Structure formats: structure tokens, C-alpha cells
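Keep in mind it's a predicted model, so treat the numbers as computed, not measured.
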Amino acid sequence: MPELLLAELVKKEKLKPDIFKFSVKAPNIVKNSKPGNFVEIRVTDTTEPFLRRPISIYNLNREEGILEFIFQVRGKGTDILAKKEVGSQIDIIGPLGYGTFQYENYQNLAIIGGGIGVFPLYELAKCAKKSNKSVSTYLGFRNKDFVVLEEEFKNVSDNMVLTTDDGSYSQKGFAIQFLEKDIEDGKVDSIYACGPLPMLKAVQKLAKEKNIPCQISLEEKMACGIGACLGCAVKTAKSPEDAPEYWHVCKAGPVFNSQDVEI
Ligand SMILES: Cc1cc2nc3c(=O)[nH]c(=O)nc-3n(C[C@H](O)[C@H](O)[C@H](O)COP(=O)(O)OP(=O)(O)OC[C@H]3O[C@@H](n4cnc5c(N)ncnc54)[C@H](O)[C@@H]3O)c2cc1C
Ligand code: FES
């Protein structure tokens with residue numbers, strides 16, 4: 001059951017000029033969270049901006065009841081959030097989302113993320129590694145200035161490939177090219193993805209062609225975050241053309257089996 005609370009900001013780190021990592025004290029949310037869950041954050045006491053902002057859970061420190069999330073400043077809401085200082089109280093609801101990453105029945109996991117979509121994948125990689133799964137991670141960034149969390153992911157992966165579109169750091173190209181090669185070499189029995197829509201579509205297609213189970217986390221725009229406003233609809237793949245059916249990403253997702261949704 002999601003909980004609403006004021007969580008103390010106990011640590012704040014600037015990872016990039018516009019990317020921040022927040023650690024907040026939220027033991028009950030931590031206790032009930034799974035890889036793939038997200039939280040909704042109210043950034044002011046005023047009505048501007050009125051809506052909460054959805055942010056994925058990056059890391060759960062279960063011993064200390066600390067929840068960590070990472071966000072990029074995009075507009076007014078995240079700009080206000082970025083200005084909070086250690087000691088302030090963050091108005092947060094979580095954990096949200098019923099659709100979380102289900103990795104327990106697989107052994108050779110391929111985790112692929114792009115840009116700020118890598119954040120919700122860390123807790124998944126960490127938990128899978130702890131459960132003695134083989135974790136291969138494929139992270140793609142636009143160029144060297146956008147690269148984040150390289151060491152963190154390396155520490156929870158058996159193999160890791162990091163790509164930049166322009167080759168300015170690590171391997172040149174798209175992360176999916178390396179994933180495809182490993183699938184062909186028989187090294188992958190399941191795929192978990194989060195990132196920009198073109199990347200998700202490509203991963204969805206690849207998984208279908210290769211017949212590999214694949215779960216994708218969608219970051220649709222959201223208003224309420226609890227299934228009440230219909231603001232985050234995604235079409236189900238199997239619904240008839242003349243009577244389309246939709247799911248709420250905030251409630252049924254954000255993680256879906258890739259072949260179940262039309263993106
Ligand atoms: C389930 C979920 C998990 C998310 N997790 C993270 C996360 O871990 N870290 C992170 O940095 N961001 C995450 N996002 C995106 C984040 O919620 C938005 O960037 C944020 O709400 C923007 O608020 P704002 O007021 O700063 O910007 P706004 O003024 O609302 O918008 C500024 C710009 O950001 C774009 N934007 C707004 N919402 C989204 C969205 N959902 N996806 C893509 N672009 C958007 C707008 O189109 C606009 O161009 C997540 C979104 C969802 C739905
Ligand atoms: S955000 Fe309101 S229904 Fe999903």
C-alpha cells in the first residue's frame with residue numbers, strides 16, 4: 001500500500017550540472033518497494049506546480065531505510081526539487097506501480113538502459129546480482145558528457161557495455177547492437193529495458209524477433225500517479241483496432257511485458 005510522508009533529505013549529490021541524487025529517510029516505503037517502483041513527489045506547498053512529479057526509485061538501502069532517486073532538471077518541478085537542501089522534508093508518495101521487474105525465474109539477465117532511463121535499472125541489477133543471477137548490462141548515452149553511474153552499474157554486473165552515440169567515450173554506437181550480439185551467442189534468457197522511446201521500440205522488436213521474454217519500463221507523462229486521471233494511457237497490444245483497450249502506466253505499470261503494449 002503506498003504511503004504519503006514527509007521524508008527527510010539526508011544526502012544530496014550533484015552527479016552532473018543538471019542531474020541530482022537524493023537520499024531520503026523513508027523506511028516504510030523502502031520496506032514495501034520492489035525494483036521498478038516509482039514515487040510521486042510534491043515539490044512545493046503552493047499550487048504551482050500543482051501536480052506531483054513521478055521519479056523512479058534508483059536504490060533501496062533496506063538496512064538504513066534510505067530511498068535514493070536520481071533526477072534530471074527538466075522544467076519547473078525538478079528545478080524546485082533540485083534546490084532543496086539536506087535537512088528539508090520531501091513530500092513523497094510511494095511505492096507506486098504494480099508492474100515491477102520480475103527476474104526471479106530467469107538466470108541470464110540482459111539489462112539495457114539509455115540516458116536517464118538507466119536510473120530505475122540499478123536496483124534491479126543489484127537485486128539480481130545478490131540472487132546469483134548473471135547480469136549483463138548495456139548502457140547507452142548520447143556522448144561522454146551524459147555518462148552517469150558507470151562504476152555503480154559495473155559493481156552489480158558480471159559484464160557491462162557502455163556506448164556513446166558519437167564514440168566520445170567507451171564503445172561507439174548503440175547499446176542494442178551489443179545486446180543483439182550476445183543474444184545471438186546464446187548468453188541472454190531475458191531482457192529488462194528503460195530509456196527513450198526509440199530505444200524501447202527497438203528492444204521490443206528485437207525481443208520479438210529472437211523470442212526472448214522482455215520487460216520494459218515506460219515513463220509516460222503522469223498527473224495523479226494512482227490510476228485516477230487517465231493521463232498515462234498506453235494501448236494494449238492485443239486490443240482490437242475498432243475497440244482499443246488501454247492500461248494506465250502508473251497503475252498497471254510502469255513495467256510491462258514488452259509484447260503486451262503498443263508503444
Ligand atoms: C514512472 C516515471 C518515472 C520517472 N523517473 C524519472 C527518474 O528517475 N529521473 C528523472 O530524471 N526523470 C524521471 N521521470 C521523468 C520526470 O517525471 C519528468 O522529467 C518530470 O516530471 C518533469 O517535471 P518538471 O516540472 O521539471 O518539467 P515540466 O515542466 O513538467 O516538463 C519539462 C520538460 O520535460 C518533459 N517531460 C515531462 N514529463 C516527462 C516524462 N514523464 N518523460 C519524459 N519527459 C517528460 C516535458 O515534455 C518538457 O519538455 C519519470 C517519469 C515517469 C512517468
Ligand atoms: S497518472 Fe493519472 S491515471 Fe496514470
Self-check item: From CD1 (Ile263) to NZ (Lys205), nearest 0.5 Å
Solution: 12.5 Å
Quiz item: Aromatic ring centroids of Phe22 and Phe71 under 6.0 Å?
Solution: yes
Quiz item: Hey, any chance Leu149 and Tyr169 share a hydrophobic cluster, counting ILVMFWY side chains that come within less than 4.5 Å of each other, even indirectly?
Solution: yes
Self-check item: Steps toward side-chain hydrogen bond (donor to acceptor under 3.5 Å, both in side chains) verdict (Ser136, Asn159)
Solution: CA-CA 5 Å; Ser136 298; Asn159 312 293; 3.2 Å; yes
Quiz item: With no hydrogens and no angle check, is any side-chain donor or acceptor of Asn155 less than 3.5 Å from a backbone partner on Glu151?
Solution: yes
Quiz prompt | Hphob cluster co-occupancy, Ile112 + Leu121, side-chain heavy atoms under 4.5 angstrom | solution = no
Quiz item: Side chains of Ile93 and Phe38: does their closest heavy-atom pair fall under 4.5 Å?
Solution: no
Quiz prompt | Side-chain donor-acceptor contact under 3.5 Å, Ser23 with Glu68 | solution = yes
Exercise. Run the numbers on Phe101 and Ser217 for side chain to side chain contact (heavy atoms under 4.5 Å, CB included), then give the verdict.
Key: CA-CA 8 Å; Phe101 290 114; Ser217 182; 3.9 Å; yes
Quiz prompt | Sub-4.5 Å side-chain heavy-atom contact between Tyr103 and Cys127 | solution = yes
Self-check item: Spacing of CG belonging to Leu200 relative to CG belonging to Leu218, to within rounding of 0.5 Å
Solution: 6.5 Å
Quiz item: What about Met199 and Phe256, same hydrophobic cluster or not, with Ile/Leu/Val/Met/Phe/Trp/Tyr joined at side-chain heavy-atom distances under 4.5 Å?
Solution: yes
Quiz item: Hey, does Asn32 have a side-chain heavy atom less than 4.5 Å from the side chain of Met1?
Solution: no
Self-check item: Any side-chain heavy-atom pair of Val255 and Asn37 under 4.5 Å
Solution: no
Quiz item: If you measure from the Lys or Arg side-chain nitrogens to the Asp or Glu carboxylate oxygens, is any gap between Lys25 and Glu64 under 4.0 Å?
Solution: no
Exercise. Kindly compute the distance separating CZ (Arg53) from CD1 (Ile80), expressed to the nearest 0.5 Å.
Key: 8.5 Å
Quiz item: Can any side-chain N or O of Asn211 pair as donor or acceptor with the backbone N or O of Ala207 at less than 3.5 Å?
Solution: no
Quiz item: Is it true that Glu184 and Lys210 make a salt bridge, defined as a side-chain N closer than 4.0 Å to a carboxylate O?
Solution: yes
Quiz item: What are the two closest non-hydrogen atoms of Glu3 and Ile29, and how far apart are they?
Solution: O-CD1, 4.0 Å
Quiz item: Phe178 and Thr163: side chain to side chain contact (heavy atoms under 4.5 Å, CB included), yes or no, with the steps?
Solution: CA-CA 9 Å; Phe178 295 85; Thr163 62; 3.5 Å; yes
Exercise. Flag yes if Leu9 and Leu67 sit in one hydrophobic cluster, no otherwise; membership is Ile, Leu, Val, Met, Phe, Trp, Tyr, and two members link when side-chain heavy atoms are under 4.5 Å apart.
Key: yes
Quiz item: Does some side-chain heavy atom of Leu96 sit less than 4.5 Å from a side-chain heavy atom of Val39?
Solution: no
Quiz item: Looking at Phe69 and Ile92, what are the two nearest heavy atoms and their distance?
Solution: CE2-CD1, 4.5 Å
Practice problem: Mark yes or no for whether Lys12, through its side chain, and Ala82, through its backbone, hold a donor-acceptor pair below 3.5 Å. | Solution: yes
Exercise. Heavy atoms only: give me the nearest Pro196-Gly114 pair and the separation to one decimal.
Key: CD-O, 3.5 Å
Quiz item: Under 3.5 Å, side chain of Arg62 to main-chain N/O of Leu60, donor-acceptor pair present?
Solution: no
Exercise. Specify whether Tyr106 and Tyr192 have parallel, tilted or perpendicular ring planes, treating 30° as the upper limit for parallel and 60° as the lower limit for perpendicular.
Key: perpendicular
Quiz prompt | Pair Tyr122 + Phe153: ring centers closer than 6.0 Å | solution = yes
Exercise. Check the pair Val30 / Ile66 against side chain to side chain contact (heavy atoms under 4.5 Å, CB included), numbers first and verdict last.
Key: CA-CA 7 Å; Val30 168; Ile66 304 284; 5.7 Å; no
Quiz item: Nearest heavy-atom pair of Asp182 and Tyr138: which atoms, and what distance?
Solution: OD2-OH, 2.7 Å
Practice problem: Heavy atoms only: give me the nearest Arg42-Asp45 pair and the separation to one decimal. | Solution: NH2-O, 3.4 Å
Practice problem: Taking the side chain as every heavy atom from C-beta outward, state whether Ile90 and Ile41 have any atom pair closer than 4.5 Å. | Solution: yes
Practice problem: Would you confirm whether Asp189, through its side chain, and Gln107, through its main-chain N or O, come within 3.5 Å as a donor-acceptor pair? | Solution: yes
Quiz item: In this structure, are over 12 heavy atoms from other groups packed under 6.0 Å from Lys208 atom NZ?
Solution: no
Self-check item: Distance-only donor-acceptor check, side chains Gln102 and Thr100, under 3.5 Å
Solution: yes
Quiz item: Within a strict 4.5 Å, meaning less than it, do heavy atoms of the Asp158 and Lys129 side chains meet?
Solution: yes
Exercise. Check whether any side-chain N or O of Ser190 sits under 3.5 Å from a backbone N or O of Leu109 as a donor-acceptor pair, and report yes or no.
Key: no
Quiz item: Do side-chain atoms of Gln204 reach the backbone of Ser258 as a donor and acceptor pair under 3.5 angstrom?
Solution: yes
Practice problem: May I ask you to check whether Lys126 and Asn59 show a side-chain donor-acceptor distance below 3.5 Å? | Solution: yes
Self-check item: For the student: nearest non-hydrogen atoms of Ala110 and Leu179, plus distance
Solution: CB-CD1, 3.5 Å
Quiz item: From Ile111 CD1 over to Met160 CE, what is the distance, rounded to the nearest 0.5 angstrom?
Solution: 11.5 Å
Quiz item: So does Lys133 have more than 12 non-hydrogen atoms from other groups sitting under 6.0 Å from NZ?
Solution: yes
Quiz item: What's the spacing between His248 NE2 and Glu220 CD if we round to 0.5 Å?
Solution: 11.5 Å
Self-check item: Under 3.5 Å donor-acceptor, Asp185 side chain and Lys187 backbone
Solution: no
Practice problem: May I ask you to test the Val147-Leu139 pair for a side-chain heavy-atom distance under 4.5 Å? | Solution: no
Self-check item: In one Ile/Leu/Val/Met/Phe/Trp/Tyr side-chain cluster, 4.5 Å: Leu5, Leu81
Solution: yes
Quiz prompt | Derivation of the side chain to side chain contact (heavy atoms under 4.5 Å, CB included) call for Val73 and Phe20 | solution = CA-CA 8 Å; Val73 175; Phe20 293 83; 3.9 Å; yes
Exercise. Can you measure from CG (Asn257) to CD (Gln259) and round to the nearest 0.5 angstrom?
Key: 8.5 Å
Quiz item: Do the charged groups of Lys154 and Glu152 touch, with an N to O distance under 4.0 Å?
Solution: no
Quiz prompt | Asp166/Arg142 salt bridge by N-O under 4.0 Å criterion | solution = no
Practice problem: Give a yes or no on whether a salt bridge exists between Arg52 and Glu40, defined as a side-chain N under 4.0 angstrom from a carboxylate O. | Solution: no
Quiz item: Does Lys83 reach the main-chain N or O of Thr78 with its side chain, forming a donor-acceptor pair under 3.5 Å?
Solution: no
Quiz item: Would you say Thr164's side chain and Lys144's backbone share a donor-acceptor pair under 3.5 angstrom?
Solution: no
Quiz item: Do the charged groups of Asp165 and Lys172 touch, with an N to O distance under 4.0 Å?
Solution: no
